[in-house]
Amino acid sequence: MRIALLYPPPWKIPAPGGAAFAPGQGPPSELREGDLDADFFQMPYGLLALAAQAMRAGHQVRVANLSAWPWDRVETWIARLDADLFGMSCYTANRRGVAFTAEAIKRHHPAAHVVVGGPHASALAPELLAHHQGIDSVAVGEGELTLLELADKLQRQEPIDGIPGLATRTHRASPRTRIDDLDALASPHEHFATHIVMTSRGCPGRCSYCAKDAVWGRPWKALSVGAVLDRLEQAVARVPVRMLMIKDDTFTADRKRALAVCEGIRQRGIHFLWSCDTRADALSDDLLRAMRLAGCQRISLGVESGSPSVLRAIGKNIAPDRVAQVTRAARRYGLQVRYFMMLGNRGESRDTIRESLEFLRRSAPDQYVFACLSVYPGTRDAADLEKLGYIHREDWFDGDFLELKMPYDASEADLAEMSRVFEEHRGLRDLRRPTLAESRDALAWLGDHHAAHLDVAGAAWRAGAPQTTRDHASRALELGLPVPGLALNYLACAASLEGDRAAMLDALREAES
């Protein structure tokens with residue numbers, strides 16, 4: 001069967017210099033630059049996983065990221081694409097684009113079947129089908145096996161009602177048993193070059209704002225250590241720069257497994273740099289050191305708030321002191337630490353906002369980013385706000401908002417303070433850079449480690465010490481730094497500090513080659 005898997009744009013994007021679309025079709029009136037960040041435009045890993053599984057089963061598969069395409073190009077491309085089954089990833093942010101794309105598919109290919117999956121669709125399957133006639137079915141939760149069953153039945157021209165995990169206009173989705181053996185699934189990295197890797201599904205946490213259970217359910221599931229290492233090798237072999245992002249909700253949920261992965265990376269000699277997302281209560285000193293030695297450069301922690309009362313209210317049972325402790329331990333080994341912070345959660349007030357700001361000042365991560373609470377379908381927040389009458393199911397279909405951003409229970413004065421603080425701290429913020437002394441201490445803790453030498457080179461350059469910069473950048477290269485261009489750039493910087501233009505250009509040319 002011919003299958004097309006698409007990641008639609010958020011709405012009908014006008015062509016450069018083209019006329020705006022009618023109200024409700026184009027961007028929200030309140031859209032601001034930066035509201036759609038780089039993560040939004042990244043091809044969903046789930047689509048690549050679906051494509052790999054369908055390709056293994058012998059289907060012809062096309063995958064396309066349409067998220068930044070002008071609408072006239074979307075229409076033209078869809079008209080030329082000949083497929084029997086179209087699948088789309090639906091998030092809250094692109095829900096309108098999914099609907100418009102489904103309509104376009106039906107205009108150009110009326111006999112094709114359109115199935116939609118993803119977190120937004122999984123939480124609102126019946127409503128999505130009721131509102132959008134261009135959508136024929138909705139895959140709820142994990143989609144690999146559902147997609148294969150759907151494709152097989154369509155190919156045999158059999159009824160599709162009753163497929164587990166698939167909702168249609170005449171049948172609600174019956175539960176599909178969770179996939180226990182993730183190792184048995186096809187690896188996206190066998191076919192696609194992506195710097196994103198996912199090694200597990202779900203998270204042990206129960207945060208009120210998170211919709212993970214609507215997609216993955218419980219409990220947390222993971223690839224085996226061997227399968228993770230295989231996928232990392234596949235990914236590193238395909239990407240142009242040997243840097244990966246492990247985007248599990250909580251990569252270190254099983255600390256023993258994470259430690260074994262780190263040890264396996266070193267034993268197999270998989271040379272790359274990486275980052276991951278996790279929680280402070282899923283980290284330990286020995287694991288942080290192992291991660292760093294295995295190439296980890298940055299950990300991003302879901303901190304959300306510096307207020308213990310807010311953290312309790314949202315089910316994030318991690319004390320701020322624990323976060324600060326982990327931050328200090330990570331810094332010892334030269335790991336960059338990024339905090340994900342939120343404003344507007346349950347119980348947020350001017351006092352709790354001050355607690356968060358004071359916590360940031362005291363714990364001093366390398367970077368932090370604030371987000372205002374977005375209410376997503378399938379979360380405890382959405383369910384509770386719906387019961388209270390503050391939101392309604394129709395809001396997801398009537399509104400043209402990007403995401404439903406609203407404080408959970410703040411007063412007008414608290415809301416004004418949130419808005420002020422958010423604007424003051426808008427975007428990804430750099431809070432500190434390691435000093436030369438700190439970078440040298442981390443190198444001493446780790447031993448003769450290539451990335452630690454690179455960090456010393458960077459700190460030395462910032463301190464205006466060209467010879468130290470050169471010494472450590474050169475040592476990083478000698479030790480096989482997976483991204484030599486970074487060390488060569490520091491060599492160019494050292495030459496620039498000394499006014500040696502020829503050496504600077506030589507290093508830059510080598511970095512470019």
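Between the side chain of D321 and the backbone N or O of A324, no donor-acceptor pair lies under 3.5 Å. Judged by distance alone, with hydrogens and angles left aside, the side-chain atoms of T252 form a donor-acceptor pair with the main-chain N or O of A282 at under 3.5 Å. A donor-acceptor pair is defined here as one N or O able to donate and one able to accept, closer than 3.5 Å; no such pair exists between the side chain of N345 and the backbone of Y408.
Atom-to-atom distance recorded for R279:CZ and F251:CZ is 16.0 Å, nearest 0.5 angstrom. Between the CZ atom in R420 and the CG atom in L343 there is a gap of 10.5 Å [rounded to 0.5 Å]. Distance check: L232 CG to F272 CZ gives 4.5 Å after rounding to the nearest 0.5 Å. Here the straight-line distance linking atom OG1 of T327 with atom CZ of R338 works out to 13.5 Å at 0.5 Å rounding. Residue L48 holds its CG atom at 10.0 Å from CD1 of I196, rounded to the nearest 0.5 Å. L244 CG to R231 CZ: the interatomic distance, rounded to the nearest 0.5 Å, is 13.5 Å.
Looking at residues two or more places apart in sequence or on another chain, you find a side chain to side chain contact (heavy atoms under 4.5 Å, CB included) between I179 and E142, E144, L145, L182, L185, R201. Take Q336 and apply the side chain to side chain contact (heavy atoms under 4.5 Å, CB included) test, not counting sequence neighbours, and it matches R298, D366. For E75, the salt bridge (Lys or Arg N to Asp or Glu O under 4.0 Å) test picks out R107, with sequence neighbours left out. Among residues two or more places apart in sequence or in another chain, the side chain to side chain contact (heavy atoms under 4.5 Å, CB included) test is passed with P119 by Y91, V215. For the side chain to side chain contact (heavy atoms under 4.5 Å, CB included) test, residues two or more places apart in sequence or in another chain that qualify with A121 are C90, V116, L128, V138. Evaluation of the side chain to side chain donor-acceptor pair (under 3.5 Å) rule for T199 yields D248, R257 as partners, not counting sequence neighbours. When the salt bridge (Lys or Arg N to Asp or Glu O under 4.0 Å) test is applied to R176, the partners found at least two apart in sequence or on another chain are E149. With sequence neighbours excluded, no residue satisfies salt bridge (Lys or Arg N to Asp or Glu O under 4.0 Å) with D395. Remark: D136 engages K106 in a salt bridge (Lys or Arg N to Asp or Glu O under 4.0 Å) (not counting sequence neighbours).
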Please list, one pair per line, the donor and acceptor atoms closer than 3.5 Å that link side chains of residues 310-317 to other protein atoms, with sequence neighbours excluded.
| residue | atom | partner | partner atom | Å |
| --- | --- | --- | --- | --- |
| K316 | NZ | G302 | O | 3.0 |
| K316 | NZ | E304 | OE2 | 3.3 |

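Using a 4.0 Å cut-off between charged nitrogen and carboxylate oxygen, K221 and D180 count as a salt-bridge pair. Using a cut-off of 4.0 Å between Lys/Arg side-chain N and Asp/Glu carboxylate O, D398 and R393 are scored as not salt-bridged. R429 and E424 are not joined by a salt bridge, as no carboxylate oxygen comes within less than 4.0 angstrom of a charged side-chain nitrogen.
Residues Y339 and F359 meet the side-chain proximity criterion, which asks for heavy atoms closer than 4.5 Å. Side-chain contact check for S305 versus M342: every heavy-atom pair is 4.5 Å or farther apart. The side-chain heavy atoms of D249 and D277, taken from C-beta on, include no pair separated by under 4.5 Å. At least one side-chain heavy atom of R172 sits less than 4.5 Å from a side-chain heavy atom of P126. Between S363 and V323 there is no side-chain heavy-atom pair separated by less than 4.5 Å. Between M406 and I391 there is a side-chain heavy-atom pair separated by less than 4.5 Å. Between M291 and C276 the shortest side-chain heavy-atom distance falls below 4.5 Å. Residues E355 and P308 have side chains in contact (heavy-atom distance under 4.5 Å, counting atoms from C-beta outward).
Each ring-ring contact (aromatic ring centres under 6.0 Å, His included) pair with one or both residues in residues 281-323, not counting sequence neighbours, would appear here, but there are none. Note on residues 284-296: pairs passing side chain to side chain donor-acceptor pair (under 3.5 Å), not counting sequence neighbours, are S284-D286, D285-R332, D285-Y333, R292-Q297, R292-D455.
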Apply the test salt bridge (Lys or Arg N to Asp or Glu O under 4.0 Å) to residues E438 and R432: give CA-CA distance (whole Å), side-chain angles for both, the deciding distance (0.1 Å), then the verdict. CA-CA 12 Å; E438 288 173 333; R432 69 182 302 279; 2.7 Å; yes

One pair to check against salt bridge (Lys or Arg N to Asp or Glu O under 4.0 Å): D35 and K405. What are the steps and the verdict? CA-CA 12 Å; D35 284 350; K405 294 185 180 295; over 6 Å; no

Going through the checks in order, is the ring-ring contact (aromatic ring centres under 6.0 Å, His included) test met by Y45 and H189? CA-CA 10 Å; Y45 192 81; H189 307 284; 5.6 Å; yes

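Put simply, the residue from T168, L129, I105 that forms a side chain to side chain contact (heavy atoms under 4.5 Å, CB included) with I135 is L129.
A ring-centre distance under 6.0 Å is not found for W11 and W71. For Y7 and W69, the gap between ring centers reaches or exceeds 6.0 Å.
Aromatic ring pairs are classed by plane angle as parallel below 30°, tilted from 30° to 60° and perpendicular above 60°; the pair H132 and F397 is tilted.
For the pair R95 and F401, the cation-pi criterion (under 6.0 Å, within 45° of the ring axis) is fulfilled.
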